[in-house]
Amino acid sequence: MLDIKFLRSQLDQVKSALRKRHSTIDLESFLKTDVQRRSLLQEVEELKGLRNKTSAEVAQKKRNNDDVSELLEQMASVSKRIKVLDGELKEVDTRTREFLLTIPNIPHGDVPVGRDENDNRIERFWGKKPTLDFPPKEHWELGTDLGGLDFPRATKLTGSRFVVLKGWAARMERALINFMIDVHTHEHGYTEIMPPVIVNKDSLLGTGQLPKFAEDLFKLENSDYYLIPTAEVPLTNLFRDEILNEEDLPCALTAFTPCFRSEAGSYGKDTKGIIRQHQFDKVEMVRIAHPDHSYEDLELLVGHAEDILQKLGLHYRVVTLCTGDLGFSAAKTYDIEVWLPGQNKYREISSCSNCEDFQGRRANIRFNPKGSTKKLLVHTLNGSGLAVGRTMVAIIENYQQKDGSVVIPDVLRPYMDGIDIIQPR
RNA sequence: GGAGAGGUAGCGAAGUCCGGCCGUAACGCGCUCGACUCGAAAUCGAGUUAUCCGCAAGGGUACGUGGGUUCGAAUCCCACCCUCUCCGCCA
């Protein structure tokens with residue numbers, strides 16, 4: 001959510017930011033509502049001031065046994081008027097708030113202006129593509145042949161875009177989760193959290209999934225509960241409506257959770273394999289940061305995600321998302337794209353964002369700066385560290401051998417009973 | 001699911017029966033500053049809600065949420081939400 005004062009005073013800047021995002025939000029009619037709101041507010045506040053003053057007078061006169069009938073008569077009509085105006089004001093207030101909740105964040109000045117992923121800026125590469133002296137296979141073919149991925153049965157159990165992991169694949173999923181969490185907690189200074197994976201509406205409003213993106217979520221019937229699309233939601237909302245101490249910043253949290261996405265509007269995309277599922281595992285990192293240092297924190301965060309890929313020996317590149325590709329709540333986002341030889345493509349495996357105070361304002365997360373009584377909004381950052389299923393895809397495709405076997409990366413072997421290779425049956 | 005208790009500032013909590021002199025909200029804790037001290041503890045003193053409109057002066061709002069009664073509601077009435085305790089059920 002943007003600061004309404006900022007919106008009023010820096011209208012041109014906001015308009016230009018929205019244009020860069022290719023957003024078609026109508027600010028003009030909103031501003032008219034805002035003017036209306038403020039004039040209503042002034043009128044009703046004046047009347048309430050009068051009412052309060054007169055009420056005190058009534059109390060005083062009654063104590064002296066003076067006649068108050070005239071005052072009571074006057075105030076009856078004032079109160080009626082207040083009730084009418086309060087009703088109008090409430091309606092306008094609701095509209096204002098709902099509108100503010102639909103405006104996306106303003107991109108950071110460093111973010112390249114562009115339309116879609118083709119305009120993203122490549123920042124750096126790490127590692128090299130593996131040299132394979134045979135035509136590489138895609139992960140679903142290898143995974144199925146090796147008996148680890150079972151798509152038909154997942155379809156039977158549930159439907160499309162689900163998978164059953166079996167044997168070594170189930171084991172690798174669990175190994176990856178433990179490996180990632182261990183690195184983040186032992187080497188990167190994160191505190192591990194096991195949050196609920198079902199959250200309420202306020203939490204989703206706080207991080208920006210609602211009200212605009214309800215169709216992307218799974219909602220539970222007969223309640224206002226939703227399955228989380230990412231652990232960013234529970235981790236960031238841990239501090240909703242709280243006031244933190246300045247010395248507790250930055251607060252770094254990590255969590256493994258399953259994530260649930262309806263994937264509405266992605267019907268033709270990635271229908272094969274486990275790249276795009278309705279349910280997937282992810283290790284998430286969240287940082288609640290001091291506003292003066294949040295961009296340093298963003299570099300740390302993306303570095304922590306990169307470290308996982310480096311330890312696994314997977315080639316990747318880092319890109320800065322352009323304005324057209326940027327998510328709703330983010331001011332700046334780095335995507336990490338891992339190389340997939342089977343698909344002959346770089347694919348997103350982590351997304352690391354600084355939301356600045358956008359979520360902080362929505363979720364009302366503040367901190368107490370030393371030597372000041374004024375409470376300030378925190379900056380919030382989140383990043384995958386990493387998407388577990390996609391990491392398995394990357395391992396399968398990058399470490400595949402000519403005979404269809406898959407070598408296990410060194411760092412993962414202690415997590416898999418020392419297994420060094422998955423052999424075809 | 002049943003019974004009971006509760007929701008007031010950063011935290012705990014008084015106030016609710018009996019509406020106005022109680023929301024810049026008693027009292028306690030915490031926090032900040034100061035005094036004492038070589039320093040600290042203890043003690044003493046001062047300060048400390050948030051938010052909105054307004055250039056300002058000033059004013060408004062908020063006692064879980066939403067309604068109602070009233071000139072006036074933390075306080076009375078109605079509905080709902082949440083938390084805790086006990087009972088039942090349950091991995």
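Protein chains get the first letters and strands the later ones, always in sequence-line order, with residue 1 at the start of each.
- Counting any heavy atom pair closer than 4.0 Å across all strands shown, K90(A) reaches sugar-phosphate atoms only and no base atom.
- Pairing for rA74(B) is absent, judged as Watson-Crick or G-U wobble with the two contacts each under 3.5 Å.
- A donor and an acceptor atom never sit less than 3.5 Å apart when one is taken from the side chain of E46(A) and the other from the base of rG59(B).
- Of the listed nucleotides (rG59(B), rA50(B), rG20(B)), rA50(B) has the atom at the smallest distance from the side chain of R366(A).
- The gap from the C1' atom of rC18(B) to that of rA73(B) amounts to 14 Å, rounded to the nearest Å.
- Of the candidate nucleotides rC53(B), rG10(B), rG20(B), rC53(B) has the atom lying nearest to any side-chain atom of L41(A).
- Looking at D150(A) and K166(A), no side-chain N of the basic residue comes within less than 4.0 Å of a carboxylate O on the acidic one, giving no salt bridge.
- Of the two residues contacting RNA chain B, namely V44(A) and I243(A), the nearest-nucleotide position lying further toward the 5' end is that of I243(A).
- As judged by a 4.0 angstrom heavy-atom cut-off over every strand, R8(A) is placed among residues touching the sugar-phosphate backbone only.
- Screening D297(A), T254(A), T236(A) for a side-chain hydrogen bond (donor to acceptor under 3.5 Å, both in side chains) with R287(A), the sole residue that qualifies is D297(A).
- Using a 4.0 Å heavy-atom cutoff across all strands shown, S79(A) reaches sugar-phosphate atoms only and no base atom.
- Looking at heavy-atom distances under 4.0 Å, K80(A) makes no contact with the nucleic acid at all.
- Taking a pair to require two hydrogen-bonding distances under 3.5 Å in either a Watson-Crick or a G-U wobble arrangement, rA79(B) pairs with rU65(B).
- Base pairing of rC33(B) is made with rG45(B), judged by Watson-Crick or G-U wobble geometry with both donor-acceptor distances under 3.5 Å.
- Closest-nucleotide positions on RNA chain B for K53(A) and R38(A) were compared, and the one nearer the 5' end corresponds to R38(A).
- Defined by atom type and a distance below 3.5 Å, a donor-acceptor pair is present between the side-chain atoms of H304(A) and Y190(A).
- Of the listed nucleotides (rG54(B), rG59(B), rU61(B)), rU61(B) has the atom at the smallest distance from the side chain of N52(A).
- Note that CZ of F30(A) is 9.0 Å distant from OG1 of T102(A), once rounded to the nearest 0.5 Å.
- In this structure, of rG59(B), rU61(B), rG20(B), it is rU61(B) that holds the atom nearest to the side chain of R51(A).
- Distance from the side chain of S55(A) is smallest to rG20(B) among rG20(B), rU49(B), rU61(B).
- Nucleotide rC84(B) forms a Watson-Crick or G-U wobble pair with rG4(B), both donor-acceptor distances falling under 3.5 Å.
- Taking CG from N354(A) and NE2 from H108(A), the interatomic distance works out to 8.0 Å, rounded to the nearest 0.5 Å.
- Nearest to the side-chain atoms of K48(A) among the listed nucleotides rC52(B), rG67(B), rG60(B) stands rG60(B).
- At a threshold of 4.0 angstrom between heavy atoms, the contacts of K83(A) are confined to the sugar-phosphate backbone, with no base atom among them.
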